[in-house]
Amino acid sequence: MENVTAANARRYRAVDSAGRTMDAAEVVQESPGRYLAVSHTLRPDGRFHAALAVSTDLMNWTFATDFGAGSSQPTIKSVSDGGYLVAWEQDPSNHVAVHYYPDRASLVRGRATRSFQAPRSLSSCAEGTPNIYSVRLAPDIDHSVIDLGAITTPTARQTARCVPP
């Protein structure tokens with residue numbers, strides 16, 4: 001993924017199986033030969049929608065779930081308990097939303113069991129693209145500390161605690 005000119009294959013303007021563009025895609029390997037990508041696309045409703053797609057070859061992506069209207073710039077991180085955290089910029093108010101999925105099946109279905117809406121504190125207009133620096137379970141997601149940052153302001157961080165949706 002990092003050396004495009006030396007790759008065996010490459011694809012520009014990637015779309016998933018539903019024909020949705022995969023703008024600002026972030027790809028993580030969940031296991032050998034299995035990949036997850038979060039991305040966003042501008043939908044016919046005039047709003048960005050973040051989504052999840054899955055792949056076995058990094059070339060062909062199968063749409064899995066839409067995280068909802070007004071979600072953009074998503075990021076994903078696996079958690080030591082087998083779950084996943086997905087964070088994105090959410091409008092209105094351009095704040096960061098964090099959602100916890102306890103396993104792959106919940107993630108693919110878009111069924112979060114915990115969520116956190118971070119209050120906007122870094123800017124008067126938008127927080128910026130979120131980044132998940134770390135997740136510490138002590139011992140579980142209900143007693144966790146999630147270290148978030150905004151890529152546009154890499155030194156700015158927030159601590160989040162997830163709560164039931």
Side-chain angles (χ1 to χ4, degrees), residues 12-28 30 35-55 61-79 81 83-137 140-165:
Y12 299 96
R13 295 183 205 90
V15 296
D16 63 24
S17 60
R20 297 163 61 123
T21 60
M22 295 179 64
D23 305 329
E26 180 176 312
V27 177
V28 295
E30 65 172 314
Y35 305 92
L36 303 169
V38 290
S39 62
H40 71 239
T41 189
L42 187 60
R43 300 294 296 153
D45 64 4
R47 299 177 75 193
F48 284 103
H49 288 240
L52 174 76
V54 298
S55 177
W61 292 93
T62 302
F63 172 80
T65 196
D66 183 316
F67 295 118
S71 56
S72 64
Q73 303 293 342
T75 185
I76 186 170
K77 187 162 189 73
S78 60
V79 181
D81 65 356
Y84 294 89
L85 276 179
V86 181
W88 57 75
E89 239 187 301
Q90 181 67 53
D91 70 21
S93 300
N94 290 325
H95 64 283
V96 173
V98 182
H99 295 262
Y100 171 74
Y101 304 87
D103 51 44
R104 183 185 195 277
S106 298
L107 175 65
V108 168
R109 288 191 318 269
R111 305 268 195 261
T113 58
R114 299 287 184 271
S115 65
F116 176 76
Q117 304 293 319
R120 195 172 64 218
S121 63
L122 303 177
S123 166
S124 62
C125 60
E127 291 297 87
T129 303
N131 186 44
I132 303 169
Y133 290 105
S134 66
V135 180
R136 290 187 310 273
L137 304 180
D140 55 28
I141 197 67
D142 291 326
H143 304 91
S144 63
V145 176
I146 301 163
D147 191 11
L148 297 172
I151 292 175
T152 56
T153 54
T155 59
R157 292 185 176 186
Q158 293 185 352
T159 299
R161 294 197 183 275
C162 284
V163 296

Show the numbers, then the answer: is there a side chain to side chain contact (heavy atoms under 4.5 Å, CB included) between L36 and Y84? CA-CA 11 Å; L36 303 169; Y84 294 89; 3.6 Å; yes
From CA spacing to verdict: side chain to side chain contact (heavy atoms under 4.5 Å, CB included), L148, I132: CA-CA 5 Å; L148 297 172; I132 303 169; 3.9 Å; yes
Walk me through whether L107 and V86 qualify under side chain to side chain contact (heavy atoms under 4.5 Å, CB included). CA-CA 9 Å; L107 175 65; V86 181; 3.8 Å; yes
One pair to check against side chain to side chain contact (heavy atoms under 4.5 Å, CB included): Y133 and K77. What are the steps and the verdict? CA-CA 9 Å; Y133 290 105; K77 187 162 189 73; over 6 Å; no
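The side-chain contact (heavy atoms from CB on, under 4.5 Å) search around S39 returns M22, A25, not counting sequence neighbours. Residues meeting the side chain to side chain donor-acceptor pair (under 3.5 Å) test with T41, sequence neighbours left out: T21. Scored by the ring pair (Phe, Tyr, Trp, His ring centres under 6.0 Å) test, F48 finds H40 as partners (sequence neighbours excluded). Applying the salt bridge (Lys or Arg N to Asp or Glu O under 4.0 Å) rule to D66 yields the partners R20; only residues at least two apart in sequence or on another chain are considered. D91 is linked by a salt bridge (Lys or Arg N to Asp or Glu O under 4.0 Å) to R47, counting only residues two or more places apart in sequence or in another chain.
Residues P74 and E26 share a closest heavy-atom pair of O-OE1, 4.0 Å. The two atoms that bring T75 and P130 nearest to each other are CG2-O, 3.6 Å, heavy atoms only. Smallest separation of non-hydrogen atoms from A50 and S71: N-OG, 2.8 Å.
In this structure, the side chains of D81 and D140 stay at 4.5 Å or more apart for every pair of heavy atoms. Two residues are said to be in side-chain contact when any heavy atoms from C-beta on lie closer than 4.5 Å; Y100 and F116 fail this criterion.
In this structure, Q117 contributes its side chain and H95 its backbone to no donor-acceptor pair below 3.5 Å. Between the side chain of S17 and the backbone N or O of F63 there is at least one donor-acceptor pair closer than 3.5 Å. A donor-acceptor pair under 3.5 Å is formed between the side chain of Q90 and the backbone N or O of A69. Remark: side-chain polar atoms of R114 are not paired, donor with acceptor, to backbone N or O of D142 under 3.5 angstrom.
Here T65 contributes atom OG1 and Y101 contributes atom OH; the two are 7.0 Å apart, rounded to the nearest 0.5 Å. Considering OG of S144 and CZ of R136, their distance stands at 9.5 Å, rounded to 0.5 Å. Taking CD1 of I141 as the start and CG of L85 as the end, the distance is 5.0 Å to the nearest 0.5 Å.
Screening residues 102-111 for side-chain hydrogen bond (donor to acceptor under 3.5 Å, both in side chains), with sequence neighbours left out, gives E30-R104, D103-S106.
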